[in-house]
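The next block holds one structure in the form of structure tokens; read it before the comments.
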Amino acid sequence: MLTKNSSVKTTFSGVDFSKYSSKTSEFVKEFSKRANQKGHFLNWVNLPQEQLKRLDDLYAMVESFKKQTGAKKLSVMGIGGSKHTVEHMLGINGLNVSHDSVEFYSDVDSISLERFLYRLGDVTKSNFMIASKSGSTFETKDGFLRVQQMLIDAYKAKGQSEEEAKKSAAKHFIAVTDANSEKSELRRTSISEGWIGDLYIHDDVGGRFSAFDDHALFTLIWAGLSKEDMTKLLNAAQEVSSLSLSDDLEVNDALKEGIFWADAKLNGIEASVHQYMGSMFENTVYWHAQMQNESVKDTLKQVAKVPDAMHHSAEAHFNPANKLVFALTVPVDNGVCKENADAYIGALTKSYEITGAFFREDVETSKMGLTPEAAGAMTQLRAFATVYQEIVEAVMTGKELPEVLDSVLQPHVEFYKKNLKGGVVVPGRISK
């Protein structure tokens with residue numbers, strides 16, 4: 001018998017789930033028949049349990065990578081899911097709080113590059129993870145080529161020959177990309193230049209759904225997540241996968257969240273709010289916004305961190321002319337601020353319950369972040385709920401679902417990418 005995950009507790013108000021109970025099996029069947037099937041981009045469903053088999057290799061690879069150069073920092077170079085999922089996972093696990101072990105670079109302008117290099121100091125004191133499925137993502141390739149040349153120049157300045165400097169620079173890089181060198185330019189570079197290790201962006205795992213893929217796990221290990229805690233995190237995520245494919249609505253919180261958001265749309269409420277309380281969620285907001293924009297494909301959901309966003313957003317939230325639904329994710333506070341934090345959360349809860357449909361998500365905490373179990377569970381819940389929203393809306397309106405769900409695809413991103421082609425931009429080009 002399945003039981004609900006105890007590290008994440010979700011309570012709902014203002015939505016009648018009984019209207020959907022007769023369709024629960026159909027919702028789950030639509031999800032289940034596609035999960036982990038080739039070409040359906042739902043390979044993230046069982047990814048946590050597959051990653052558990054690789055932990056020894058991943059931990060050994062991190063140790064070897066550190067020893068290879070003596071670098072204290074890892075710089076993650078990637079965009080979208082290659083960046084936001086990693087930042088999210090570091091934040092909720094209470095890692096890299098002082099930004100002393102991991103840096104990020106995903107920009108293409110000169111000022112951002114200068115700021116990144118300023119934070120690094122000596123470029124030879126950092127290792128670099130280059131994350132790109134195709135290996136030819138313009139933004140990522142541009143940053144990589146610039147840093148690669150800086151490393152070569154730095155080692156030449158220390159007296160090494162051009163060939164020696166290239167070999168020394170190569171020791172600072174690791175690729176996270178497609179396993180197939182025919183598909184990935186970056187994989188070909190990694191092989192030809194002798195970069196360490198084999199890290200993958202797994203097939204049928206889209207960037208926003210990749211919080212348990214290699215780039216995220218490798219970075220968590222670099223930043224100090226113990227193997228024991230990593231195991232708990234992945235087991236909790238896989239447990240949510242099992243619960244989320246159950247047709248028992250009492251245990252399937254992901255489906256209930258999907259129904260919650262779909263119910264609002266079906267009742268003509270286009271705008272919605274999901275707020276996260278506390279600094280650990282600063283980067284979760286970016287990841288969740290990416291999930292919303294790329295999967296639900298609208299820009300009417302506000303995803304924000306409170307208290308920062310609460311005071312200035314309240315004027316719109318509680319204006320009777322605006323019809324919204326609300327969600328609030330809050331940490332279980334066990335520290336010195338507990339009484340005030342609980343009172344604040346209580347005030348928000350009461351206010352939102354009166355204003356519209358609402359669900360509150362309480363997540364267990366430990367030290368400077370969530371417990372590993374809560375981190376794994378909450379992250380996997382977000383992915384499942386996003387896809388279920390599409391399924392619920394389609395089933396309830398009699399709309400035929402596509403063979404591959406829209407929520408896992410992103411065909412429109414190519415609209416701007418096509419304008420980068422044809423020699424308009426050259427990665428690594430030095431402006432005169």
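Only heavy atoms go into these numbers, but all of them, side chains included; no hydrogens, no water, no symmetry mates.
Note on Asp203 versus Lys183: no salt bridge recorded, every NZ/NE/NH1/NH2 to OD/OE distance being 4.0 Å or above. At a threshold of 4.0 Å, the pair Lys265-Asp298 counts as salt-bridged, since one of the basic side-chain nitrogens sits closer than that to a carboxylate oxygen. Between Asp57 and Arg54 no salt bridge is recorded (no basic side-chain N to carboxylate O distance below 4.0 Å). Ion pairing of Lys19 with Asp263 is present here, as a side-chain N (NZ or NE/NH1/NH2) and a carboxylate O approach within less than 4.0 Å. A salt bridge does not link Lys297 to Glu294: none of the charged nitrogens lies less than 4.0 Å from a carboxylate oxygen. We find that Lys23 and Glu26 are joined by a salt bridge, their nearest charged nitrogen and carboxylate oxygen being less than 4.0 Å apart. Comment: Glu185 engages Lys141 in a salt bridge, judged by a side-chain N to carboxylate O separation of less than 4.0 angstrom. One finds a salt bridge joining Arg382 and Glu257 here, because a Lys/Arg side-chain nitrogen approaches an Asp/Glu carboxylate oxygen to under 4.0 Å. Salt bridge absent: Lys73 and Asp100 never bring a charged side-chain N and a carboxylate O closer than 4.0 Å.
Considering OG of Ser184 and CG of Asp178, their distance stands at 6.0 Å, rounded to 0.5 Å. Taking OG1 from Thr219 and NZ from Lys83, the interatomic distance works out to 12.5 Å, rounded to the nearest 0.5 Å. Considering CD1 of Ile391 and CZ of Phe384, their distance stands at 10.0 Å, rounded to 0.5 Å.
Residue-environment remark: NZ (Lys350) stays at or below the threshold of 12 foreign heavy atoms within 6.0 Å. Residue Lys33 places its NZ atom among more than 12 non-hydrogen atoms of other residues, nucleotides or ligands, all under 6.0 Å distant. Other residues, nucleotides and ligands contribute at most 12 non-hydrogen atoms within 6.0 Å of the NZ atom of Lys72. Tyr59 OH: more than 12 foreign heavy atoms inside a 6.0 Å radius.
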Next item on the list: Kindly indicate, with the supporting measurements, whether the criterion side chain to side chain donor-acceptor pair (under 3.5 Å) is fulfilled by Glu103 and Ser75.
Entry: CA-CA 5 Å; Glu103 289 286 355; Ser75 293; over 6 Å; no

Next item on the list: Before giving the answer on ring-ring contact (aromatic ring centres under 6.0 Å, His included), spell out for His274 and Tyr276 the whole-Å C-alpha distance, their side-chain angles and the decisive distance to 0.1 Å.
Entry: CA-CA 7 Å; His274 194 136; Tyr276 293 83; 4.6 Å; yes

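For the residue pair Asp248 / Ser246, no side-chain donor-acceptor distance below 3.5 Å is found, with atom types taken as modelled. Arg360 and Thr11 share no side-chain donor-acceptor pair at under 3.5 Å. A donor atom on one side chain and an acceptor atom on the other are not found under 3.5 Å apart for Ser210 and His202. In this model, no donor atom of one side chain and acceptor atom of the other lie less than 3.5 Å apart for Thr371 and Ser366. Side-chain polar atoms of Asn283 and His88 form no donor-acceptor pair below 3.5 angstrom.
For the pair His215 and Val76, the minimum side-chain heavy-atom distance is 4.5 Å or more. Within the 4.5 Å cutoff, side-chain heavy atoms of Glu30 are placed close to those of Leu401.
For Lys256 and Phe359, the positive end is not near the middle of the six-membered ring at less than 6.0 Å and at most 45° from its axis. Seen from the ring of Trp195, Lys171 does not count as a face-on cation partner, given the 6.0 Å and 45° thresholds.
No side-chain donor-acceptor contact under 3.5 Å links Thr137 to the backbone of Thr140. In this structure, the side chain of Asn252 engages the main chain of Ser244 through a donor-acceptor pair within 3.5 Å. No donor-acceptor pair under 3.5 Å is formed between the side chain of Asn319 and the backbone N or O of Glu315. For Asn127 (side chain) and Phe65 (main-chain N/O), a donor-acceptor pair under 3.5 Å exists by modelled atom type.
Aromatic ring centres of Phe41 and Phe209 lie farther apart than the 6.0 Å criterion allows.
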